[in-house]
Structures are given as structure tokens and as C-alpha cells.
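Everything quoted here is computed from the prediction, not taken from an experiment.
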Amino acid sequence: MDNTDQTPTLRRRLIAGCTWLLLAFIQSALAEFQPEPVGKIETLPAAYPDHWVMVHDFSFFHMMEGEVLVVDPLAENQASQYKGMMTASFIAAYQRARERNEHYVIETFYSRGTRGGERTDVVTIYAPDTLAVSGEVVIPSKRITGMPKQIATGLINGERFLGVYNFTPAQSVSIVDLENRQFVGEVTTAGCAFVLPNGVRSFTSICANGTFLTSHLNADGTLKDASRSAVAFDANNDPIFEGAAISGGVAYFPTFTGQVLPVDISRDEIAVEDKWWLTTTDERNWRPGGMNVATVDAAGAGYFLMNPDGGEGTHKDGGAEVWVYDLDQGERTARITLTNWGLSLGTTGTGDGRLLLVTNAEMGVDVYRLPGGEFVQTLDTGAATPFMVHGAN
Amino acid sequence: MDNTDQTPTLRRRLIAGCTWLLLAFIQSALAEFQPEPVGKIETLPAAYPDHWVMVHDFSFFHMMEGEVLVVDPLAENQASQYKGMMTASFIAAYQRARERNEHYVIETFYSRGTRGGERTDVVTIYAPDTLAVSGEVVIPSKRITGMPKQIATGLINGERFLGVYNFTPAQSVSIVDLENRQFVGEVTTAGCAFVLPNGVRSFTSICANGTFLTSHLNADGTLKDASRSAVAFDANNDPIFEGAAISGGVAYFPTFTGQVLPVDISRDEIAVEDKWWLTTTDERNWRPGGMNVATVDAAGAGYFLMNPDGGEGTHKDGGAEVWVYDLDQGERTARITLTNWGLSLGTTGTGDGRLLLVTNAEMGVDVYRLPGGEFVQTLDTGAATPFMVHGAN
Amino acid sequence: MRESNLIDRITERVSRGFARHTSRRGLLGLLGAGVVGAASVPLLPVARADQHQPQKSDIPEAGDDTTCEYWRYCAIDGFLCSCCGGSVNTCPPGTEMSPITWIGTCTNPVDNKNYVVSYNDCCGKSGCGNCMCNRNEGDRPMYNPPKSNDINWCLGTQSAVYNCSTAIVVGIAVE
Amino acid sequence: MRESNLIDRITERVSRGFARHTSRRGLLGLLGAGVVGAASVPLLPVARADQHQPQKSDIPEAGDDTTCEYWRYCAIDGFLCSCCGGSVNTCPPGTEMSPITWIGTCTNPVDNKNYVVSYNDCCGKSGCGNCMCNRNEGDRPMYNPPKSNDINWCLGTQSAVYNCSTAIVVGIAVE
């Protein structure tokens, strides 16, 4: 007899009962056979090998079904590369706190999916071993959505706070207390965008007029006060990219034409340093370009994705080479010719196990060894639009 | 001054104000120029041309982002074929009430998207001209999900009620009052599946033991009583497909081996008629196969998708030909050789404008003229997995 | 025999299919590398008659507004509404046009004037997926919002879900 | 020069890319037409060592459980968990295994015995998308639930969202 009014709990018991009845029947008929266990779920090591990567598939053609894949980039085939997955709804952002050993997916849901309804923005917390949701913090439904920028979110005060850049188009940053897993409040950043953590408990935003705005937080995550830099770059004629190579307490921002603007972020008040060129005067046709055009490896070397056909409007076109720099000296140390045209850079690993990950123009992710730049393979993870790759190191 | 606490209404006004300020600035600078209007939304005719189709893209690889496209299958290119779209979340079902002139998408949402949360099942009602949501009815979160079957839902009592088949795995049918746009209740169908409307205010379900269960409703949509047929087919050795060609008050169900089981559904009590073969004894290698393997056109002719390599396990493989029948006589009248291997059938149009739509093995939708079967073109709508095509006629 | 042919056809179809979703230029655009010189195929009159009629002003026009090469798209990033049930300056049925946008300045090849183009997004339904197109002439980073096509401009709408992008001429650029 | 090469590469990549999502047999399976005779490529030992170890009983084994041709998959319909962070009989991290399933009877090519295979779905995360595989030996219509692979068997789980399918041997079939 069917009972459509049964409670979920009762139904669950009935279901389990039916399953075990069936198994019992099979087993009684075949006393010698030992069935395989049902219900086993895989887990991962709580400390990932430091060459693993998190591949963020933005799923540009189905934005509500983005994913962050946990991947071993040195494994030989799909089955061994693909370790697991976190869902990431509506062109989400991703952060990872190494000390807390947690993944954060900053994402957006609608009560009626892609046709709308009530919007809910959350910081979803994942445990690295189980890839299960270990918590979530609801934040104001204002987070910026669009193409991926790593500094759309940032870990402030070590890993105490997570800042989430909002754009409604009013500009602000939501502060989340990761210790207590609760929303603290919003910090206004009028005219300025993003969250670049600096000093003890501050973060810096990039302003449309070419200045920087630094917000200083109190110990509870509320705004103490703010300071603004002088004009540091020409936001119209030679703007800095949103993504910097950060090493030794300095954020090295490439500009559209191929200069580098170093910003010391080691102290509560930032210090803008002198620009230098990625290119010699003979190389000005080479310009940085792509999605994530600048990164560093565990040894502090800087990597920039370079396009030989640089010019107005090429800043998202990606590049044919990755140029390697001693950032502190402002000197190029190597050029890596890419096997496939590159669009976005990431690194992972430490020591001799360092790797460069390049999302290529065909939406594959290419793996190169560092420092030599030897091509290893193109990943086979099934990601449709893997715009960003994050190292586990 | 930024104001992050502004209310949505206020924010909307600010936004509108900024837009118009910008436009005003541009216009004042260029008095002679007339800007194009902003904010125009297209509409469709309330009565679609009867050769249009609704292409249901189940988006099998991103199930929360299914779509039902409104398509002109005779237009020459993508821009002119693609008329508009309704979203259809989580392997949804689709129905259309011609007299009420409404589309229905029976769909499922989760409060946290693909990672779960609270489930909500709804019947979403769309106006055909605006393709905007004109209403929704929340139903029990029990609707079956899986591969598409047209009789997973059905319009009962003309277009007064919509029945939605539930599987939890308890089996029942949710009854929705389309007149008052409200959920009425559930009808238990223990051991039996689906909603095949029959008679005045009844619907029939197919049972695992080879019988049919007919549920008779009261005028308010509640269950009056039910009746069950004798065993009508062999559910294990020669089961009927879930989809029938329905014409003249008779549902013609093909079986796996290629017989047809006619079931008279014109009266409150169904009548199972004698089986007949689609094939001659020399043709038994031809078997029906695919997703939607049987359909009829506006003139009442029956179409079956046929596979020359039929055998156990081929019932979803699709076919190379479509065979055409005078259903009442049980006689084949034509064979249409498909340009591309076919997987699922639909028809549209009336009179000389009748069309056969065949979802092909490459997930294109091929258009053929009826009755002759001349190939017209493969649609260019962008649908990823267009498993079902519904005629506007 | 049939099976192996099917495999070939599927491989081909998949290739064609993706190409349909994302015009090659569009895909390159999405992926960042621009292509120049792709031939622009004029629409047949019969096809044009079937399409939604854009709300055009008296701007001189040339080119096919369902291709990424069309002049108004010089700073667009997204799915062209012309391929999605809308037109170059109208939204598809059931969507909502964003009231705020980013702005490009594009040169009309007929009169050689620079026009101000407002790329209002259409919002409230899933991404259309057809005619992906990205061009970045005058595009600036996200911290310069009025010039940034990286932002999802479905703002001030009931839903932030992005469907497609229009290209509406709102002015003539002053040099 | 570069651009035209890029176009070729993209076309090829897209083709390869989709093939990766959906093994050709898998795609054919999804689309309904079975293929026979595709070669089964054995996994390299090093790759096997990297993979999650399935919880195997003492059933004699042969074949590659990341391909649709593997013997246990005779009535499966979905993404193979072996390609999704799980294994032939375990679910990927963070998913939940459905307690109720459909059942197939598959012939083991080593001992030629028929085994009862339970295709428990893994649920609660988006569809994995890798190694799509559909075979229908013994599959019956949806009104015969225990034998129907057309049903989304993420039932009795916290979420009905389908991620991938396992193939767990739970018995030997009695003739």
C-alpha cells in the first residue's frame, strides 16, 4: 500500500528497509558470495600535496553551475587527475585559508534559479578532506559578478576576516569574521574597487581616478579609518591590471602598456614605488594580456603573460610567452614560450616541484615545470571554462 | 557619497537618475542627434504560427539550466529561428494549454542550487506573447526527475487540471487546478506511473505488472474512485514504451519488439484493443527505439522511429527511418529515410504545412516536410540536448 | 559501418555545434585573442524579414548585426541579443533591460563618425549562449566601471542573471 | 598567421573537449545508439596507483572501469564515478550515495557468471559531466522502477541533484 503522506523520516526508513530486504534476498540465495559494501564516500588528505591545484570552472555558458575542481596536475589521466569538486554558483569567487585549512566559495543563489526570485549571497565553507559544506555565512546580496578577478575577495588580518567586494553599482566591501563565521558589516569604498589586504588589519582598493584607498579595520572588523594615496597611475591611458604579482610584501601591478607599478603592502599605509618596464624600448610591441596576467611562484619569482601584438584593446587577448622576473630587481630572468596560446596564469608547488598552470585559448589547462618551463601535459578534467587556477602550495 | 544602506527602491531611482543624467549630457552636446530608445523588450504573437515549435533543451550536462526555446523551424538562420526562451530548471517537464493559451514548465529549485538546501517544485506559468512568468503554483516536492517522458504530466478534464507524476519512490499524481492556479491534492497510484488523461475527468497510469490503473476525479479534482484493467502487456518480455501516438481517442503504444497496443482513452473506462505489428514477419529486425519514439501529426497519421538493428537493449538507440501508419487501420502508408540517425520525434503544423522534427544523434534537430518526408534543414538554435520538440499547432 | 560513420558525424557535429554557440571570432573573443578580417555575411532579405526589427534611428548602417565584426560591437562582451530573440537594441521576450551599462565609442564605417554605444544587458533568464562576442576597444579595468565590460551589468534589474547584450546608439562622440 | 592557426586549434580543441566530456561511446550511449568493439585501453600502473582504490570484493576483474565498455556497466546511464573523484563502487568526496537504485544483471567476462549490479547514484553536487555512459541490457521503462535507468535515482538523499553513478556488485544472479 502506497502512503503519500508518510513523513520523510518514515519514508527514509522504508527505503532503507526495501534496499536491505533486496540485498538479504540476494545474499540468502548465494550464501558464499560477499557483496561489495554500499555507501562508501571517498575522502582526500586534509593536507593536500603542495603541487595540487584548484581549477575554477566558471561555466560561462551555464553560470549557475560553476565548479571548483581539486586536481592533481601531474597525474596521467582524467580519473587520476580529478580528485573532487565544490559547486560554485553564479560566477563565484574562491579563496582558501591555509592555516584554517578551509576552502571558501563566495557565491549567489536565486530562489527560482535562472529566472530569479529572492537572491541570497553566501560564503560557503568547505572542509578540504571531505569537500562537504562545513558552514556558510550569509552576506549582503551585493557581491560583484562578472569576469574573475582574484582581488574581488581577500583574506585580511591573517585569516581572521574575509573581505568581499560589492558593486550595486554602489561600491563597498563586506567583512566576514572567519573565526566566528559571521558577517561583521560593510565598509564603504566609494569610487574604489576590490580588496587587497595590507599591513596588520587593512585592505586597499583601486580607485577610478588612479589613486588607492586604504581602509583600516578595528580588531572586530569594523572600519576604523581610511587613507588615500596620491594619483599613482593613469587610469585611462595606461591603467594597471586588476591582478598583481604579490611577493615580499609588494604587489607588482602590470599596466596595459607593459610597465610595472610596485605597491608596498607590508605596512598599514601602503607605499607606491617607482614604475619599471617589463620590456626594453625595442620590445614595446610585447604587452601583458589575458585574464590573470600576473602571478608569482613559491620562490617569489614573478610571471607575466605577454602578447607580441600588443596595442589598444589587446589587454584580454592572452599571450604567446610567459616572462619571468626577479621582481625585487625588476629584471627579467627567463622567457617561457608557451606550447599553446595562453589566457590565464596560476602556479603551484614548492622547490623543484613548482609548476606553472596556463589556461589556454582552447580552454584547456597546460602544465609546465618551473623554473625551466618544460611542458608536461594539458589537463583532462572536463572543465568547460577554467578561467582561474589556484595552487595548493 | 556612497550609501550602502540605501533601500532597493531608492537605489533604483538613483540608478535611473544617473542613466538619464548621462543621456541628457550626451543629448545636450549633440542637439541634432536622436538617440535610439532604451528599454525595449520584444514580444511574440499571442497566437503562434502553427508551424512553430517549442524545443526543450534538457541541458543534460547542466541540469539546473534547462530551457524551452520558441523556434520557427522554417526560418533560415539562428537569429530568425530563435524567437525566445523559457527557463526550465532540473530536467523539467513541459505542457501547453491551447485554449488557456499558456505554457507550463514543471520544474524544481534548490535554495542552494546544485549543492542542495530546501527543494521547491513549482508549475511555472508563462504567457506566450511576453514569455514572462504570469503565475506559479507550488506543488509537493515529489515530481519525478529523469529522462523526458511526455506522460510524466498531463492536462485532465480539457485544460482544467494538470496532473504531475510523483516518484519518491512512492508513486502518486499531484493535481493542479489551472483555472484557480492552485494545488488540489495528490492521487495515489501505487505500483503505477504517469498521467494519460482519458474520458471526461479521468487519467490512466501504466503499472509494473502490465495492467493500467484509471483514476476518476471529482469536479474539484479530488479522487472519486479508480479502476484497474486486466493484464494488457508483458512488462518484462515485451513492455510498451512510455510514449504513445494518440489519435482519434486512442493511445497507440509501441512495444519493444515492434507491436502496437491500442488503448481507447475516449471514455472514462479505458478499453484495451488487440495488438498489431508495425513490421511484417520478414521485418522483425526493425524495432522502435529512441526517446520519444511515437507521435502523430495534425491529420492523425502515426509516426514511429525504427531501428533496423533491433534487439534486446536497443530500445533507446534511435533509428534510421520513420515509419508512417494509418493508425485506425493498422497499416503502414510510408517510410521516411532520415538524413541523420534520429533519436526523438515531434511534429508541428497543419495541412500542407505539417512538419516532422527529429532530434538527431548529434543533438541537432532536423526538419522534414509532411507527408512527403522531404528534408528541409537542421535547426541552428544552440540547444545542447534538445531531447523533446513540441508542435505549436 | 553505421556506428563508425556515426562517430565521425558526432565529432563533426560537436565541432559544428560548439562553433554555432560561439562564433569562431566570438570564441576567440571569449578566450581573449581577437581576429581580424573575417568575412561578414550579409543577411538574406527573407531572413531579415523574419527577424525582430531593431528600433533603429536614422544612423547609416552597414554590416550584419548577428556577427561579432559588426561596428557597434567594438567594446561588447557577451551573447549578442540579435541571436537570442532580441535585436541589436531590443531585449528578448521575457527579459528585463538593465538601466545602467558600460559605454563604448565605435566608428561607423559608413559615415566614419564615432558613436557612443550603450551596451545594455538583458537580464532575468539564463545566458543565451549564442553568438558569444568580446571586443575591447576602449575597455578599461573593473575599477573604472563605466568603461568596463568585465562587469555583469545586470544591476538595478529584478534579477542579476545575465541573458544577452544589446548595442544601443545613444550619441555621437565629441572629439 | 597565428589567428588562423588558433581557429584550427580551437575547432580541434572543442571537438576534443566534447569528446573528453562524453566518451564517443558514451555520447552515442546518451544519444541512444550503441557501439560495439571499441578497444579498451588498460590503465597504466602509475595512473592506477594515483586513483582512488575501489572497495572490491574477490570478484575476478578485467577491463578499464573508466570506459563505458567495462562489464559492470551493462545497464548504466550517467557519468561514471570513476572519472569524477570516486571509483566504480564509491562516491566522490562530499557527495551522498543514494540508498535505493536500479539493478542490472551483467556478465563478467572472466568467470562468465552473471552478477547483480546495483547502480547507486552519487548525489548532492552538480552533474560531473565526465565519462557519460548509457547501456540498456535489461533496462525496462520507467513504470518498472527497479529495472529503469531513466529515473534519477537520487532519492532518499538530502538532495536530488545527480553527480555520477557507481556499479556495485551485490550478488550473483540465479539463472
Assess whether atom CD of Glu312(B) is packed by more than 12 heavy atoms of other residues, nucleotides or ligands within 6.0 Å.
yes
Is the closest side-chain heavy-atom distance between [X] and [Y] below 4.5 Å?
X: Tyr110(B); Y: Ser159(D); answer: yes
X: Tyr165(B); Y: Met142(D); answer: no
X: Phe60(B); Y: Met132(D); answer: yes
X: Ser205(B); Y: Tyr143(D); answer: no
X: Met63(B); Y: Ser126(D); answer: no
X: Arg115(B); Y: Val161(D); answer: no
X: Thr145(B); Y: Tyr162(D); answer: no
X: Met147(B); Y: Ile151(D); answer: no

Closest-packed option against chain D by number of heavy-atom pairs under 4.5 Å, given Ala235(B), Gly116(B), Pro239(B)
Pro239(B)
Regarding His315(B) and Asn136(D), is there a side-chain donor-to-acceptor distance under 3.5 Å anywhere?
no
Using every non-hydrogen atom in the two residues, find where Pro145(D) and Gln171(B) come nearest and quote the distance to one decimal.
CG-NE2, 4.2 Å
For Phe256(B) versus Asp139(D), what's the shortest heavy-atom pair and its separation?
CE2-O, 3.8 Å
So, does Glu242(B) use its side chain to make a donor-acceptor pair with the main chain of Pro141(D) at under 3.5 Å?
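No, because the side chain of Glu242(B) does not come within donor-acceptor range (under 3.5 Å) of the backbone of Pro141(D).
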Kindly say whether Asn236(B) contributes a backbone atom to a donor-acceptor pair with the side chain of Arg140(D) at under 3.5 angstrom?
yes
Lys316(B)/Glu137(D) salt bridge by N-O under 4.0 Å criterion:
no
Would you call the rings of Phe61(B) and Phe79(D) parallel, tilted or perpendicular if under 30° counts as parallel and over 60° as perpendicular?
tilted
For the atom pair CG (Asn144(D)) and CD1 (Ile206(B)), what is the distance rounded to the nearest 0.5 Å?
11.5 Å
Determine whether Phe90(B) and Asn152(D) satisfy the following criterion, side-chain contact (heavy atoms from CB on, under 4.5 Å), listing intermediate values before the conclusion.
CA-CA 11 Å; Phe90(B) 201 52; Asn152(D) 170 20; 3.7 Å; yes
